[in-house]
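I have placed the structure first, in the form of structure tokens, so that the comments after it can refer back to it.
Proteins come first, then strands; the chains are lettered A, B, ... in the order of their sequence lines, and each starts at number 1. Being a predicted model, the structure only gives us computed values, none of them experimental.
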Amino acid sequence: MTETEMAGNFIHDIIDDDLAAERLTKGVHTRFPPEPNGYLHIGHAKSICLNFGTAKKYKGLCNLRFDDTNPSREETEFINSIKQDVRWLGFDWQNRLYFASDYFQTIYECAVQLIKAGKAYICELNAEQMREYRGNINVAGTSPYRDRPIEESLRIFEEMKAGKYKDGTYTLRAKIDLASPNFVMRDPVIYRIQHSYHQRTENEWCIYPMYDFAHPISDAIEGITHSICTLEFENHRPLYDWVLDNLSFEARPRQIEFARLNLTHTVMSKRKLRRLVEEGYVNDWDDPRMPTISGLRRRGYTPEAIKDFCDRIGVAKSNSTVDINLLEHCIREDLNKRADRIMAVLQPLKVVITNYPEGKKEWMILENNPEDAGRGKRQLAFSREIYIEATDFMEDAPKKFFRLRPEGEVRLKGAYIIKCEEVIKDALGNVVELHCTYDPETKSGSDNSGKKVKGTIHWVNAKTAIPVKVNIYEHLFNNENPEDVPEGVDFVDTLNPESLKVIENALIEPIMPMVGEKFQFLRQGYFVVDQDAMPDEIIFNRIVSLKDSYKG
RNA sequence: UGGGGUGUGGCCAAGUGGUAAGGCACCGGUCUCUGGAACCGGGAUUCAUUGGUUCGAAUCCAAUCUCCCCAGCCA
């Protein structure tokens, strides 16, 4: 995404039309309306980028509004995390932080207005009866209370509000069309009795408006011009319009639906994510394997990468599942330019350079980021004993293996070319150490040997390297679409058992990294310092591996 | 069986009657002291299908099919 503008889409076409027809006298105004009952995920990021990005593109405004119309499932913990996540992504609602609960009085008055106009009535069907009386595709619904006198509805509604009735005794229904082929329009409930404590309004109310009633009213109150939501609300649009048609707000918001994001190798439904957390399949909402914003943040994703991703996937109306490769591409691209390189050995294999004098030490010069000379260079100690990656040595190596092999030569990044002279094994035949010789003529920066080797490997100096813990993350699920499991199979049974591998004793160059700092471990991937890291125990999370075209 | 949507290469996605953008993935190649990055090149005779209109159709019309959503006092 460029600094100022996101890619166009069908919603912007609609706005362009509205602008051309001069329907938008006060400019474009959108809103991001999360329900505070869970953590935000990458799918919400798409919506956030769309809403805030659209406002920015048209020099309009975007509000943050919590849809807190159901007190039984909402918590302040979520409100705080949502605010933090939106802010972290880089969006600013300025002073326009709202709650649907701010409008409860107005919404209530709207309900009264509808009753007085004969457009809403008190129904006393219970939930089960309501289902039966709704009819079906072929049969129209009914309600014995549809023609209840206005005065009576008004009185009962007043009593409901006053707390005279138990939950479920009565509902307020919009009088629309019980025969509508769209079930949403079969006299939908717009108010229900719910004696529960509300985080914001506390015990002021015991009746709460339904989403379908509260949302259009909230939009109208805030002067929202384009109310962007996901596809499953398409059936609700006639009701959204009905509510506005039958009340008298000046503003006339318009609902537009787009397809929610799906990603391969992960799940996105709140219910499933909640299960992963509550049943301990992951550590928490911010587990680096989670597709939550907080999980991605802890994993080391940057807001820039996420926004770039959201811009690249586009906005349309067809259900689709984006390849997680694209997300990974976005973070690699971002970090390639920004992350300093260091050398880290995940599986150390000791190498003794037999012809290198004992006690001798040289300072090697390495660039911090070849993509950005401005990041400068650093010095690295080199001496007789080093560690290389165990996987960079192979006894019976295939031809295309460009790393170390018996009798073979390889370049140590930023240092010398070494030759493997002897392989030391333990009693079980495992390779435990290599004896190599180095060629003094091949020092980086002053190589006059004319020698060419095919491979360059990373290393750390045995004396100065520091041990760290590294979390290697893989996809949460091996299968592309874990939402779609065979009948009778629980999706948690398809979790990737190797989504987290902990390496306790990796070795890195001597550095003092800060929590959240990101690096490229040369030839391996991008890593971030986990928030749980301590001065005496550094923990890295692998953000994403480097691409690897080696076909071994 | 009713209503609402959707269908462009493996995955996203432009295209709005004038002869199929772009990205990811994939496959070649160049270059490289990261098998990274960068850079070149490759791919839809075809836009769900079948008809029709037109000089000309992914775009217009008709029919058919696919997949998704809807009968919560959830959002």
Same-atom distance ([atom1]) from [N] to [M], integer angstrom:
N      : M      : atom1 : result
B:rG4  : B:rG41 : P     : 48 Å
B:rU59 : B:rG52 : C1'   : 15 Å
B:rA44 : B:rA21 : P     : 10 Å
B:rG36 : B:rC27 : P     : 12 Å
B:rC26 : B:rC73 : P     : 48 Å
B:rG15 : B:rU6  : P     : 15 Å
B:rG7  : B:rU16 : P     : 15 Å
B:rA14 : B:rU53 : C1'   : 26 Å

Does a side-chain N-to-carboxylate-O contact under 4.0 Å join [X] and [Y]?
X        : Y        : value
A:Arg254 : A:Asp18  : yes
A:Glu328 : A:Lys547 : no
A:Glu257 : A:Arg237 : yes

Quick one: label [X] by what it contacts on the DNA or RNA (base, sugar-phosphate, nothing), any heavy atom closer than 4.0 Å.
X        : value
A:Arg173 : nothing
A:Asn70  : sugar-phosphate
A:Arg134 : sugar-phosphate
A:Asp67  : sugar-phosphate
A:Asp212 : nothing
A:Lys337 : nothing
A:Glu257 : nothing
A:Lys451 : nothing
A:Ile457 : nothing
A:Lys413 : base

Of all the nucleotides listed ([options]), which has the minimum atom distance to the side chain of [X]?
X        : options                : result
A:Leu546 : B:rA75, B:rA25, B:rG36 : B:rG36
A:Thr321 : B:rG72, B:rG2, B:rC12  : B:rC12
A:Arg341 : B:rG3, B:rA75, B:rU34  : B:rU34
A:Asn182 : B:rA25, B:rG3, B:rU16  : B:rG3
A:Arg73  : B:rG10, B:rA75, B:rG36 : B:rA75
A:Asp323 : B:rC69, B:rU34, B:rC11 : B:rC11
A:Asn235 : B:rG35, B:rG3, B:rA37  : B:rG3

When you measure from the side-chain N and O atoms of [X] to the phosphate of [N], is any distance below 4.0 Å, counting only OP1 and OP2?
X        : N      : answer
A:Lys317 : B:rC69 : no
A:Ser318 : B:rA13 : yes
A:Thr69  : B:rC74 : no
A:Arg131 : B:rG72 : yes
A:Ser320 : B:rC11 : no
A:His329 : B:rC24 : yes
A:Arg192 : B:rA75 : yes
A:Arg523 : B:rG35 : yes

No-H, no-angle donor-acceptor pair, A:Gln524 side chain to B:rU34 base, under 3.5 Å:
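Answer no: no donor N or O sits under 3.5 Å from an acceptor.
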Has the side chain of A:Glu128 got a donor or acceptor that lies under 3.5 Å from a partner of the other kind on the base of B:rG72?
no
Consider salt bridge (Lys or Arg N to Asp or Glu O under 4.0 Å). Of A:Lys451, A:Lys452, A:Lys454, A:Arg403, which one does A:Glu409 pass it with?
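With A:Glu409 as partner, A:Lys451, A:Lys452, A:Lys454, A:Arg403 yield a single salt bridge (Lys or Arg N to Asp or Glu O under 4.0 Å), made by A:Lys451.
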Value in whole Å for how far the [atom2] atom of [N] lies from [atom1] of [X]:
X        : N      : atom1 : atom2 : value
A:Phe258 : B:rA14 : CZ    : C1'   : 19 Å
A:Asp167 : B:rG72 : CG    : P     : 19 Å
A:Asn126 : B:rG72 : CG    : P     : 13 Å
A:Ile313 : B:rG22 : CD1   : C1'   : 15 Å
A:Arg260 : B:rC69 : CZ    : P     : 11 Å
A:Leu231 : B:rG5  : CG    : P     : 10 Å
A:Ile193 : B:rC73 : CD1   : P     : 14 Å
A:Asn138 : B:rU1  : CG    : P     : 10 Å

Can we call the ring centroids of A:Phe66 and A:Tyr98 under 6.0 Å apart?
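No - the distance between ring centres of A:Phe66 and A:Tyr98 does not fall below the 6.0 Å cut-off.
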Aromatic ring centroids of A:Phe382 and A:Tyr416 under 6.0 Å?
yes
If you assign each of A:Arg312 and A:Asp447 to its closest nucleotide in RNA chain B, which residue comes earlier from the 5' end?
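The 5'-side residue here is A:Arg312.
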Taking the nucleotide of RNA chain B with the nearest heavy atom to each, does A:Gly314 or A:Ser549 sit closer to the 5' end?
A:Gly314
Classify the glycosidic conformation of B:rG15 as syn or anti, calling it syn when the angle lies within 90° of 0.
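Anti, which is what one calls it when the glycosidic angle falls more than 90° from 0.
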Would A:Tyr211 count as stacking on B:rA75 if stacking means ring centres less than 5.5 angstrom apart and planes tilted under 30 degrees?
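Taking the rule of under 5.5 Å and under 30°, the ring of A:Tyr211 does not stack on B:rA75.
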Going by centres under 5.5 angstrom and planes under 30 degrees, do the aromatic ring of A:Phe183 and the base ring of B:rG3 stack?
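No, aromatic ring not over the base.
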Using the six-membered ring of A:Tyr121, assess whether NZ or CZ of A:Arg173 lies under 6.0 Å from its centre and within 45 degrees of the ring axis.
no
Applying side-chain hydrogen bond (donor to acceptor under 3.5 Å, both in side chains) to A:Tyr103 and A:Glu222, what does each step give before you reach the verdict?
CA-CA 10 Å; A:Tyr103 314 132; A:Glu222 293 176 20; 2.4 Å; yes
Could you pull out all donor-acceptor pairs under 3.5 Å where a side-chain atom in residues 133-143 of chain A meets a protein atom, sequence neighbours excluded?
unit_1: A:Asn136; atom_1: OD1; unit_2: A:Asn138; atom_2: N; d: 2.7
unit_1: A:Asn136; atom_1: OD1; unit_2: A:Val139; atom_2: N; d: 2.8
unit_1: A:Ser143; atom_1: OG; unit_2: A:Tyr145; atom_2: N; d: 3.2

Sequence neighbours excluded, the answer for salt bridge (Lys or Arg N to Asp or Glu O under 4.0 Å) partners of A:Arg312 is A:Asp308, A:Glu333
